Amino acid sequence: MALSGGLQLLKLSPHACLAPSSLPKCHPSRFSWLQGHPWRTSRWRLLCSQSGPQIQSNSEDGDCSQSIVGDLLDYLNESWTQFHATAEAKRQLLEAGFHLLNENDEWDLQPGGRYFFTRNMSCLVAFAIGEKYSIGSGFNIIAAHTDSPCLKLKPRSASSKSGFLMANVQTYGGGLWYTWFDRDLSVAGRVIVKAADGCFVHKLVKVKRPILRVPTLAIHLDRLVNTEGFKPNLETHLIPLLATKLEETSLKSDEKTTPSSFSRSAHHPLLLQLLSEELGCNSEDIMGIELNVCDTQPSCLGGGKNEFIFSGRLDNLASCYGALRALIDSCKSPAALANEQAIRMVALFDNEEVGSNSVQGAGAPTIFQAIRRIADHLAHEYIVSADMAHGVHPNFSDKHEEHHKPQLQKGLVIKHNANQRYATSAITAFLFKEVANAHNLPVQEFVVRNDMACGSTIGPIIATGVGIRTVDCGIPQLSMHSVREICGKEDIVTAYKLFTAFFQTFTSVDKKLKVDY
């Protein structure tokens, strides 16, 4: 969710030690590449502790719930950046039989077909066409965002202080930046690499081990920190250290600078060496980088009953995964689209945390352009804008409006704001509740206090820009915009079920309501 002062869009806001082999067979976990990895037994454990009972399930519904939660953890651990989240979504869609489209090509779309395209490798739109679709039948959409507040390397990141090599960063979004201190950090993102034939290749990179740290100042040197508060200067105090200063002679000979548009002196040679080792190339072949600073601690289950998910980037990858999985599973069988009259769509955007004003953000006409190419018509569209919601904090419950205190494990939250910070209306809320009620799925409601500012989502942006009925909803969570967030395991399952029900039944629910007649 961003910090602030025509298609129906659903906007998603998102085992004890469980071995990969014990995950449900219908959705096998992708751990094969980790075999032999030195961190395999610690980094990719799905529970935060090694002890405790394994999750047991004796029903098909229980197996499905276990699979959804376990696969979400896999997705979170794979998706350190918006680029990796999009690439992993692409992989899952291809594996499920969706066809990759190119925005620059002509599209040959068929009833019953399943398709998707990416933009900037950080934005993705996937859709499935009902076999009974006709012009004007409408689109049922769930929209979320792939980005999260983080630190990003500056264009010139190399600096030195007091005998340390430092990595200059800039803040992205409205993060709780004090939570980034004393964390085991690394980098991930994308790199432009020069190939042997002289062409340039876009590659994703992730340095899995901790290489960066933002150390706090010892209390002996800051005696008032516990009484006057921790107030770091984000320009001078939030600079990660990379290493002790190296002698120039310690660098490899292939790291000498060569003429190019990429200034190699802008980044520490040590950092470029680490990237080249991950990419399997020479550091001199790296022509450009766009890197996020990432926390290396894996996403996991936690709590006394393993009922919580502890992770970074829950806002908003939990929504992205719920929407993606619901679309894939809702049209998995050959007959799933046989009687569908609408088009089911998922739109995952970048840059929501900074206002969505980019070519890959919700402020761009991506959805409108996709609809025009698919159907050339807007009629009965509906969007679920899915972004994480504020669950009531047990230590700060007075920060919530007295009668609107969403709880973890109690279902998705419909967000309301009279000043249109959320796009929900009485009509769109009613329709969403009807889908939930028909499947016995719980929903909650949230409105901000009158004496507090309200955040916003991509919901109002899309509703205004495209003219589509929109409901804003989200999975309740705590610690939003912290480096480590928390949400309820049951809410992940409920969100998946409600998103799936939305795709499968919204068209019939919508036909029962008459407004403009």
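For the numbers below, each heavy atom of this structure counts, side chains included, while hydrogens, waters and symmetry mates do not. Just so you know, these numbers come straight off a predicted model, no measurement behind them.
Evaluation of the ring-ring contact (aromatic ring centres under 6.0 Å, His included) rule for Phe200 yields no partner, not counting sequence neighbours. With sequence neighbours left out, Tyr178 forms a side-chain hydrogen bond (donor to acceptor under 3.5 Å, both in side chains) with no residue at all. Checked against side-chain hydrogen bond (donor to acceptor under 3.5 Å, both in side chains), Thr171 has no partners two or more places apart in sequence or in another chain. Every residue meeting the side-chain hydrogen bond (donor to acceptor under 3.5 Å, both in side chains) condition with Glu235, not counting sequence neighbours, appears here in chain and number order: Lys154. By the side-chain hydrogen bond (donor to acceptor under 3.5 Å, both in side chains) test, Asn233 pairs with Thr236, sequence neighbours left out.
For Ser79 against Leu317, the heavy-atom pair with the smallest separation is O-CD1, 3.5 Å. Closest heavy-atom contact between Arg119 and Gln369: NH2-OE1, 3.1 Å. Nearest heavy-atom pair, Leu212 versus Ala167, reported as atom, atom and distance to 0.1 Å: CD2-CB, 4.2 Å. Heavy atoms only, all atoms of each residue included: Thr296 and Lys208 are closest at CG2-O, 3.9 Å. Residue Cys123 comes nearest to Gln360 through the heavy atom pair CB-O, 3.5 Å, listed as atom of the first residue, atom of the second, then distance. Residues Arg209 and Ser186 share a closest heavy-atom pair of O-OG, 3.1 Å.
Both the sub-6.0 Å distance and the 45° axial angle are not jointly satisfied by Lys415 relative to the ring of Phe446.
Rounded to the nearest 0.5 Å, atoms OG (Ser456) and CD1 (Ile461) are 6.5 Å apart. Distance check: Cys454 SG to Arg449 CZ gives 13.5 Å after rounding to the nearest 0.5 Å. Taking CE of Met166 as the reference point, atom OG of Ser159 lies at 6.0 Å (rounded to 0.5 Å). For the atom pair OG (Ser160) and CG (Leu242), the distance works out to 10.0 Å, reported to the nearest 0.5 Å. Residue Lys90 holds its NZ atom at 5.5 Å from OG1 of Thr118, rounded to the nearest 0.5 Å. Put simply, CZ on Phe349 and OG on Ser356 are 8.5 Å apart, with the number rounded to the nearest 0.5 Å.
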Checklist entry - After noting the C-alpha distance and the side-chain angles of Lys489 and Phe308, does the key distance pass the side chain to side chain contact (heavy atoms under 4.5 Å, CB included) rule? => result CA-CA 5 Å; Lys489 181 176 68 176; Phe308 302 125; over 6 Å; no

Item to check | Trace of the side chain to side chain contact (heavy atoms under 4.5 Å, CB included) decision for Lys161 with Ile239 | outcome: CA-CA 10 Å; Lys161 284 186 177 182; Ile239 308 176; 3.4 Å; yes

Checklist entry - Are Ser157 and Asn168 close enough, and set up right, to give a side chain to side chain donor-acceptor pair (under 3.5 Å), and what steps lead you there? => result CA-CA 4 Å; Ser157 69; Asn168 295 326; over 6 Å; no

Item to check | Derivation of the side chain to side chain contact (heavy atoms under 4.5 Å, CB included) call for Val413 and Cys473 | outcome: CA-CA 5 Å; Val413 179; Cys473 72; over 6 Å; no

Next on the checklist: Run Tyr172 and Asn351 through side chain to side chain donor-acceptor pair (under 3.5 Å) and show every step you take.
Outcome noted: CA-CA 9 Å; Tyr172 174 85; Asn351 300 132; 3.1 Å; yes

Item to check | Chi angles and distances behind the side chain to side chain contact (heavy atoms under 4.5 Å, CB included) call for Leu93, Leu324 | outcome: CA-CA 8 Å; Leu93 288 165; Leu324 179 72; 3.8 Å; yes

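Without hydrogens or angle criteria, Asp491 side chain to Gly411 main chain gives a donor-acceptor distance under 3.5 Å. For the pair Asn120 (side chain) and Ser122 (backbone), a donor-acceptor distance under 3.5 Å is absent. Judged by distance alone, with hydrogens and angles left aside, the side-chain atoms of Thr464 form a donor-acceptor pair with the main-chain N or O of Pro460 at under 3.5 Å. No donor-acceptor pair closer than 3.5 Å links the side chain of Gln170 to the backbone N or O of Lys152. At least one donor-acceptor pair under 3.5 Å links the side chain of Thr494 to the backbone N or O of Glu490. A donor-acceptor contact shorter than 3.5 Å links the side chain of Gln444 to the backbone of Gln407. Counting only distance, with no hydrogens or angles, the side chain of Glu78 and the backbone of Leu76 share no donor-acceptor pair below 3.5 Å. Checked by atom type and distance alone, the side chain of His268 never pairs as donor or acceptor with a backbone atom of Leu270 at under 3.5 Å. Proximity of a side-chain donor or acceptor of Asp285 to a complementary backbone N or O of Cys281 within less than 3.5 Å is not detected.
In this structure the side chain of Val346 never reaches within 4.5 angstrom of the side chain of Val125, judged on heavy atoms. At least one side-chain heavy atom of Leu301 sits under 4.5 Å from a side-chain heavy atom of Ile309. Looking at Trp177 and His237, their side chains never come closer than 4.5 Å, going by heavy atoms from C-beta outward. Proximity of Ser283 to Leu275: side-chain heavy atoms (C-beta onward) are nowhere separated by under 4.5 Å. Annotation: side chain of Ile286 is not in contact with side chain of Ile192 (no heavy-atom distance under 4.5 Å). Inter-residue side-chain proximity for Asn316 and Glu352 is flagged as unmet; no heavy-atom pair is nearer than 4.5 Å. Phe117 is not listed as a side-chain neighbour of Asn102, based on a closest heavy-atom distance of 4.5 Å or more. Using a 4.5 Å heavy-atom cutoff, the side chains of His400 and Pro406 are in contact.
Ring centroids of Phe181 and Phe230 are separated by less than 6.0 Å, placing the two rings close together.
Judged purely by distance below 3.5 Å, without hydrogens or angles, the side chains of Ser67 and Arg325 pair a donor atom with an acceptor atom. Checked by atom type, the side-chain pair Ser311/Ser299 shows a donor-acceptor distance below 3.5 Å. With no hydrogens or angles considered, no side-chain donor-acceptor pair links Tyr496 and Asp71 at under 3.5 Å. If you check the side chains of Asp315 and His481, you find a donor sitting under 3.5 Å from an acceptor. Checking Arg190 against Asn292 by side-chain atom types alone, no donor-acceptor pair falls below 3.5 Å.
Remark: Arg183 engages Asp295 in a salt bridge, criterion side-chain N to carboxylate O under 4.0 Å. By the 4.0 Å N-to-carboxylate-O rule, Lys405 lies too far from Glu401 to be salt-bridged with it.
Applying the side-chain hydrogen bond (donor to acceptor under 3.5 Å, both in side chains) test to pairs two or more places apart or on separate chains, those with a residue in residues 214-227 are Asp182-Thr216.
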